[in-house]
There are 4 protein chains.
Amino acid sequence: MAILHHNAYGKSCVRLTKVVRGPHRHELSELSVDIQLEGDFADSYLTGDNRKIIATDSMKNTVYVLAKENDFRCVEDFSLLLCRHFISTYSQVRTVTVDIRETKWDRIQAGDRPHSHAFVAGGSELRTCRAQLDSKSTKADLTGGIAGLQVLKTTGSEFSDFVSDRYRTLKDSHDRIFATSVDAQWTYGSQPSDFNADFAAIRTALLKTFATHHSLAVQQTLLAMGEAALAVCPSIQSIDLKMPNQHRIPFNLEPFGLENNNEIYVPTDEPFGMISGTVRRQ
Amino acid sequence: MAILHHNAYGKSCVRLTKVVRGPHRHELSELSVDIQLEGDFADSYLTGDNRKIIATDSMKNTVYVLAKENDFRCVEDFSLLLCRHFISTYSQVRTVTVDIRETKWDRIQAGDRPHSHAFVAGGSELRTCRAQLDSKSTKADLTGGIAGLQVLKTTGSEFSDFVSDRYRTLKDSHDRIFATSVDAQWTYGSQPSDFNADFAAIRTALLKTFATHHSLAVQQTLLAMGEAALAVCPSIQSIDLKMPNQHRIPFNLEPFGLENNNEIYVPTDEPFGMISGTVRRQ
Amino acid sequence: MAILHHNAYGKSCVRLTKVVRGPHRHELSELSVDIQLEGDFADSYLTGDNRKIIATDSMKNTVYVLAKENDFRCVEDFSLLLCRHFISTYSQVRTVTVDIRETKWDRIQAGDRPHSHAFVAGGSELRTCRAQLDSKSTKADLTGGIAGLQVLKTTGSEFSDFVSDRYRTLKDSHDRIFATSVDAQWTYGSQPSDFNADFAAIRTALLKTFATHHSLAVQQTLLAMGEAALAVCPSIQSIDLKMPNQHRIPFNLEPFGLENNNEIYVPTDEPFGMISGTVRRQ
Amino acid sequence: MAILHHNAYGKSCVRLTKVVRGPHRHELSELSVDIQLEGDFADSYLTGDNRKIIATDSMKNTVYVLAKENDFRCVEDFSLLLCRHFISTYSQVRTVTVDIRETKWDRIQAGDRPHSHAFVAGGSELRTCRAQLDSKSTKADLTGGIAGLQVLKTTGSEFSDFVSDRYRTLKDSHDRIFATSVDAQWTYGSQPSDFNADFAAIRTALLKTFATHHSLAVQQTLLAMGEAALAVCPSIQSIDLKMPNQHRIPFNLEPFGLENNNEIYVPTDEPFGMISGTVRRQ
């Protein structure tokens, strides 16, 4: 006999554009929101009895209604607001998890200053967050994050002295290109936090450390970047980093009688190294 | 002070085409392999000392070398083989995790029979597996799976009698389209298993149950599909199913003086419902 | 001074699911439709006067309304119907172009026969068509097509004796993998046509020729496939084929003391060869 | 009988990273290059005789070799250089077409100034160009361009007074969001040109006009943007613009007893309007 061991359901990729029309300038946020519920929903699985099911279409409506009815300054606040709504409104909900991804829009530079209501896409990077609230808790677990922060440095990166055995063909390198797409998630602790300031400080620390750290391994730079984030932001307790090694492979110019002095590379998407680590405040 | 709490690294998306050239026909497999290692690698993070690091480039080489040196009948066997290699070769490895995705290729029908060496792509679905081995274990944890199995039924699906409150605008439906992309992962237990036969039996059971189950909720069909998989395959202990509800929304023809008798729909990618569940043998 | 030299506008990617509910089985079609209009629309560009502009939102509505009001057996018929609608309804339209892509859905095999209303996705290939009608013509230009027909053969393909000079490093090969994603478009002439039968016959001819033609170059196989299509389908006048060479590169096993007897390859997405040709009936 | 009416072949998506290591800072360019040849290549199609075929693999090598052997300041120069190479080296080539796409990398801001060798991805936009050279010409046709320039304004956009008929449901709007992904290609004439300065000037003109033009229709803004580009750059003769209308649809808050004062929208990917136009210097 089979039993239903675990279940969850929700709505994913609810896309929202919110414009706050201030007297002098407009604020724009474009979000994609995922909501997942766990709780007393087994009857729907077992017999198709949906009386406790909040339709995922209603979850979608809720995102728009709450976005209208509430002022919020950042995705972290909106995710907490959504969590509290589902826990306080529906007694059958035991745990709610909200994930948000925010697109980066920069103001178009018009003359010597940023335009009041016109924007240009600010790259592939996303600001992310996850809030999770349990019906028995008063406080949600909250992580902030950044995803798809694409960076590259043309020097200041080495990789040498690693295991030599039958399976190794890669040579030691003391000057290679280091390219990655940083994916970071940090957990907020109990300290009060200005989420926008924290996000900006962590993003700057990650970029600056990537640029200036002399790298002996992707691993080493990852740890340095995590340490830098913890150093600039007392509100966070730990940071989880994923840094794919997006290889630029020196093109072999020897068959053509030429020497490749670290000038000509083939960028490749696959395969890629995948380096990860979690750094915690002690 | 910050500490390195967790670390892992590896190579992702190592793509392999292997051809086994039999006397009468060729066997083709196209795989994408991910390898992740955990173990005694902290020195690389802490000081850039890479002496215990197996380069991810060497992992890539290992995939091709082991594919050449070994006969294997399926992705499950190859993933186990890779796990055992890393644990037995490198004492600094504590845990190895191997994920494989296999593209579906069908033989081209040439005249009245399948061609010996020509293939046509068999859709977006992937056969997947994950093996994980610990240096202290003799037996790996193994899951088989299928991802991206896109299915749709034009009737035999209802959704009604769910929570009515301020946030609901969706009407009860007693005849709707049900479309999903099934993502299933099943765990193998201790029984001996013919992985190819098991995969085929589970895939058939999932498709047949989807087609014939009268659905009162995606949740209910998901459970029925999980039970069917467990019923046809004694080797597996549990199955985890993720079934996004890929909505086909009836187009409102009223403004044009027409009635939509469940004929004309708008397929949408976003947002989508996401229903999941784990079904276990008791 | 600048002048508006050319203009066109329309709606792209209008997605439609249509279900025809027969007494014994349902027919399913899922389409993505693009409509482009040229004509007397310059005022909208020059002064923002939109009085002759048919909103692209209205074009979208038209797709659903016409899908409801008309029986059609195939994308070719629907594209012609849309063309005639726009030309006959709006005098300001000079030329209308309709492109349709249809997803491949196969019936789920239930027991020993195809299910009446449940489907499984039939791969990445799309059936395509383009109809173009001018207000001064009585007859539309019509092309049928297939896109993304992914095929691979493990032998029966050579490439040798090509230009040898400083830029060549590739060796002659007398046995290589040949993989491609066929994109074909054929033009219908004046003969009456059963579009569904023609599509099926051309698809079969393309697959069979790919499988059985001994290839000395992708170019040669492309021509043979085009000739085969013209041979099986008297209604078409010409066929345009695009066949990217999706390389499988033999992995160099020499550093590991192994020989690669055409068994172990690296599939690559980029770069790819791109071979094209148009074959015409004389 | 069938004849080969047209043929072409080449290599697509040759990806190149080039680093120029100056004493004080590094210059980075990442390109994806397509090369297509037309000429005396029919024998390969007709009989598999490849003696006049330059392997697409050799074309790939050529990209890297010429990138090494030549200094070039921009993609336009590199595309011209590649064209001239193929025409002057191979007498069987009649026409060569080179397309290049360049990724946008911005320098990481380190302290108060741009870093000398560390970069962050500058968004989805690509700088593009196409050069085409005929063996009988002394001068190539050259277009510069930008693709994927994603912009959005929250006000200053109307759309009203368009055709009202049975198929219209969209209401007049005097304040809507205008979002698009600009794709522009401009043709260079006979005047001398500083391609980098021209690109920067055109990009700035496109952004500024988008931001400040009061839009009565996407069509009108497109023309204004094209005129602005021609005005700032005397070297170009014409500009071709494609501007998909990436709809933000006001979410209907009425069922929830709320009013949507242009605050809450649903961003959608499909369907989208597609507006295009070519603007020429008279």
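Below, chain A is the first sequence line, B the second, and so on; all start at residue 1.
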Heavy-atom distance under 4.5 Å to chain A: side chain of [X], backbone, both or neither?
| X | result |
| --- | --- |
| D/Q109 | neither |
| D/F178 | neither |
| D/L28 | side chain |
| D/N261 | both |
| D/L16 | both |

By a 4.5 Å heavy-atom criterion (distance strictly below it), what part of [X] contacts chain D: side chain, backbone, both, or neither?
| X | value |
| --- | --- |
| A/F119 | both |
| A/A110 | neither |
| A/I108 | side chain |
| A/L152 | both |

Residue selection (most heavy-atom pairs with chain D, distance under 4.5 Å) from [options]:
| options | value |
| --- | --- |
| A/T154, A/V120, A/V151 | A/T154 |
| A/K153, A/Q150, A/R21 | A/R21 |
| A/K68, A/H26, A/E30 | A/K68 |
| A/N61, A/N252, A/T17 | A/T17 |
| A/K208, A/H115, A/K104 | A/H115 |

Can you confirm whether D/K242 is buried at NZ, in the sense that more than 12 heavy atoms of other residues, nucleotides or ligands lie under 6.0 Å from that atom?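 No, not enclosed.
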Largest heavy-atom contact set with chain A, pairs under 4.5 Å, which of D/T268, D/D106, D/D175: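 Among the listed options, the one with the most contacts to chain A is D/D175.
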Winner by heavy-atom pair count (cut-off under 4.5 Å) against chain A, out of D/T155, D/L253, D/L149: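 The candidate making the most pairs under 4.5 Å is D/T155.
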Heavy-atom closest contact (A/Y265 atom, D/Y64 atom, distance):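 So the minimum-distance heavy-atom pair works out to O-CE2, 3.9 Å.
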Is any side-chain heavy atom of A/N262 closer than 4.5 Å to a side-chain heavy atom of D/V19?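 They are not in contact (no side-chain heavy atoms under 4.5 Å apart), so the answer is no.
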